[in-house]
2 protein chains.
Amino acid sequence: MARSSTTRYAVLGMLTLGPMTGYALRETIAGTIGHFWHESFGQLYPTLAALERDGLVASRAARTGRGREHTLTPAGYDALRTWLAQAPATSSSHRSELLLKVFFGRHAEPGTVERHLEMHRGALTESRAYLADLEAQVADDPAPDQAYWLATVRHGIHLTDASLAWTSETLASLTPETAP
Amino acid sequence: MARSSTTRYAVLGMLTLGPMTGYALRETIAGTIGHFWHESFGQLYPTLAALERDGLVASRAARTGRGREHTLTPAGYDALRTWLAQAPATSSSHRSELLLKVFFGRHAEPGTVERHLEMHRGALTESRAYLADLEAQVADDPAPDQAYWLATVRHGIHLTDASLAWTSETLASLTPETAP
DNA sequence: CACTTCATGTAACCTGTTACATGATTCT
DNA sequence: AGAATCATGTAACAGGTTACATGAAGTG
């Protein structure tokens, strides 16, 4: 039951924004680091319980009367800072099912890979628009974390644009040139 | 013990290159799709056993006298083709510990995020060189799969370059400009 | 003969997802 | 009153990693 690892620190970090219920925590995660992080309730609640057991988080009934409000303790903040100082794990199992299907694409029906790539492009385009919004939103908010938050959004933008460029390049290269 | 999912298809796909031992399978995976896929022995051998149980793979003692040679059966090839036709799972939990540390960077000691970024840049630079080699290698080999293989390498190159650009941009933005 | 590489497998564990179960507020 | 939202949690399972255990065949 002792859930550990990065989820713990994602939670501790989010609580630097202020006390929150588990539910709000998940909403906040989705709205800020949702483009590169994700937490499910099945992970979140046990993690909060474990963090509280370890004294890194304290909880009490929320002033709103609804749910439990979780606060970062000084020990929790220390744990966060210790973790921040450590080099991130040079991950990772970057497994891409799309690339796997491209790699074995010769064995698929003609047009299959192209269809997958076009769907991928659609998803990327949506994601790109979301990131543009998010970028504007962060740029307009003069929070102390602004530069850091913007950096993560810019990362998403750089990678999404690169992936879009690759998609176009690949679609062009896989489509045999037809003379007019 | 019935391991399933994408690992199965990565294995089936790899066996289109010819019969192989489990050991060779892993080497081949590392050498071809290693930049976006990974299999551990603990996953590979049970998967091979399951695939054989299901009639998608057949095995016999290798002609070299060493190990078991696994061959794709017609049913296995059909299974691969069926899987190829399906839209790839719109993943995924793209979790980045580096980005998490950047996002919460304000709470770290000054210079910490910069240090992480520089290490990241080092890893990317290495990866970039590897991909350049791989690209040349694939470009020189007139295999029937060439265009597809090249596409996956190009993906790696696009993303690595984008990540490198982001790293530089972010390092510049986090370093306060010092007047001369 | 010792060392490395090729080779196969199992067991324990960790991390995380999905589905289920439940219920209190607030809004319409 | 009914629906949507806020809220918390558990249980089962899936998928994968790490470490362990073992040994044969080739290389220096």
Side-chain angles (χ1 to χ4, degrees), chain A residues 1-11 14 19-31 33-34 36-53 57 59-70 83 88-97 100, chain B residues 1-11 14 19-31 33-34 36-53 57 59-70 83 88-97 100:
Chain A
M1 195 164 288
R3 307 307 181 99
S4 70
S5 193
T6 40
T7 289
R8 288 171 79 96
Y9 299 102
V11 167
M14 276 301 148
M20 267 180 264
T21 64
Y23 190 90
L25 204 41
R26 201 210 185 192
E27 301 269 288
T28 307
I29 286 172
I33 57 176
F36 67 87
W37 205 264
H38 171 257
E39 292 297 343
S40 62
F41 285 131
Q43 185 79 348
L44 208 44
Y45 286 114
T47 298
L48 277 170
L51 288 171
E52 186 162 11
R53 205 190 339 96
V57 156
S59 80
R60 57 172 189 190
R63 302 129 308 164
T64 61
R66 289 238 236 170
R68 298 231 103 216
E69 194 176 74
H70 296 80
W83 172 77
T90 49
S91 67
S92 67
S93 33
H94 41 281
R95 290 174 143 211
S96 167
E97 197 178 322
L100 208 53
Chain B
M1 193 164 288
R3 306 309 181 98
S4 72
S5 195
T6 41
T7 290
R8 287 172 79 95
Y9 299 102
V11 168
M14 275 301 148
M20 266 181 266
T21 65
Y23 190 89
L25 205 41
R26 203 210 182 192
E27 299 271 288
T28 306
I29 286 171
I33 58 175
F36 67 87
W37 204 264
H38 170 256
E39 293 297 344
S40 63
F41 286 130
Q43 184 79 347
L44 207 45
Y45 286 113
T47 299
L48 277 170
L51 288 171
E52 187 163 10
R53 205 191 338 95
V57 156
S59 79
R60 57 172 188 189
R63 301 130 309 164
T64 61
R66 289 237 235 168
R68 298 231 102 214
E69 194 176 72
H70 296 80
W83 172 77
T90 50
S91 65
S92 71
S93 32
H94 40 279
R95 291 173 143 210
S96 168
E97 198 178 320
L100 208 54

In Å, rounded to the nearest 0.5 Å, how long is the span from [atom1] of [X] to [atom2] of [Y]?
X     : Y     : atom1 : atom2 : answer
A:L25 : A:L44 : CG    : CG    : 5.0 Å
A:S5  : B:E97 : OG    : CD    : 7.0 Å
A:T47 : A:Y9  : OG1   : OH    : 11.5 Å
A:H70 : A:M14 : NE2   : CE    : 16.0 Å

When the distance from [atom1] of [X] to [atom2] of [N] is rounded to whole Å, what number comes out?
X     : N      : atom1 : atom2 : value
A:R63 : C:dT25 : CZ    : P     : 16 Å
B:F41 : D:dG15 : CZ    : P     : 22 Å
A:E69 : D:dA7  : CD    : C1'   : 14 Å
B:E52 : C:dT8  : CD    : P     : 12 Å
B:L51 : C:dT8  : CG    : P     : 15 Å
B:L44 : D:dG16 : CG    : P     : 12 Å
A:L48 : D:dA7  : CG    : C1'   : 12 Å
B:E27 : C:dT4  : CD    : C1'   : 13 Å

Between [options], which nucleotide has the shortest distance from any of its atoms to the side chain of [X]?
X     : options               : value
A:R95 : D:dG16, D:dC6, C:dT8  : D:dG16
A:Q43 : C:dG16, C:dA7, C:dT10 : C:dG16
A:Y45 : D:dG16, D:dG9, C:dT8  : D:dG9

With respect to the phosphate group of [N], does any side-chain polar atom (N or O) of [X] fall under 4.0 Å of OP1 or OP2?
X     : N      : answer
A:T7  : C:dT15 : no
A:H38 : C:dG16 : no
A:Y23 : D:dC6  : yes

Contacts of B:E69 that satisfy side-chain hydrogen bond (donor to acceptor under 3.5 Å, both in side chains) - sequence neighbours left out: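 Expected list: B:R60, B:R63.
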
Please list, chain by chain and in numerical order, all residues satisfying side-chain hydrogen bond (donor to acceptor under 3.5 Å, both in side chains) with B:R26, sequence neighbours excluded.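 side-chain hydrogen bond (donor to acceptor under 3.5 Å, both in side chains) list for B:R26, sorted by chain: empty.
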
For A:A24, which residues count as a side-chain contact (heavy atoms from CB on, under 4.5 Å) partner, sequence neighbours excluded?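 By the side-chain contact (heavy atoms from CB on, under 4.5 Å) rule, A:A24 matches A:M20, A:T21.
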
Nearest heavy atoms of B:T7 and B:W37, plus distance in Å: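 For B:T7 versus B:W37, the nearest heavy atoms are N-CZ2, 4.5 Å.
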
Can you confirm whether B:Y45 sits close enough to B:R68 that some side-chain heavy atom of one is under 4.5 Å from a side-chain heavy atom of the other?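 Answer no - side chains too far apart.
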
If a protein heavy atom is under 4.0 Å from the base, mark B; if only from the sugar-phosphate, S; if neither, -; do that for nucleotides 23-28 of chain D going 5' to 3'. --S---

Taking five pairs at each end of the helix from C:dC1-D:dG28 to C:dT28-D:dA1, what angle separates the two helix axes (nearest 10°)?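 The angle separating the two end axes equals 30°.
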
Sorted by first residue and then second, give each salt bridge (charged side-chain N to carboxylate O under 4.0 Å, His left out) pair with at least one member in residues 39-52 of chain B; sequence neighbours left out.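 Those involving residues 39-52 of chain B are A:R95-B:E39.
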
For B:S40, report the nucleic acid contact type (base, sugar-phosphate, nothing); a contact means any heavy atom under 4.0 Å.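 The residue B:S40 makes base contact.
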
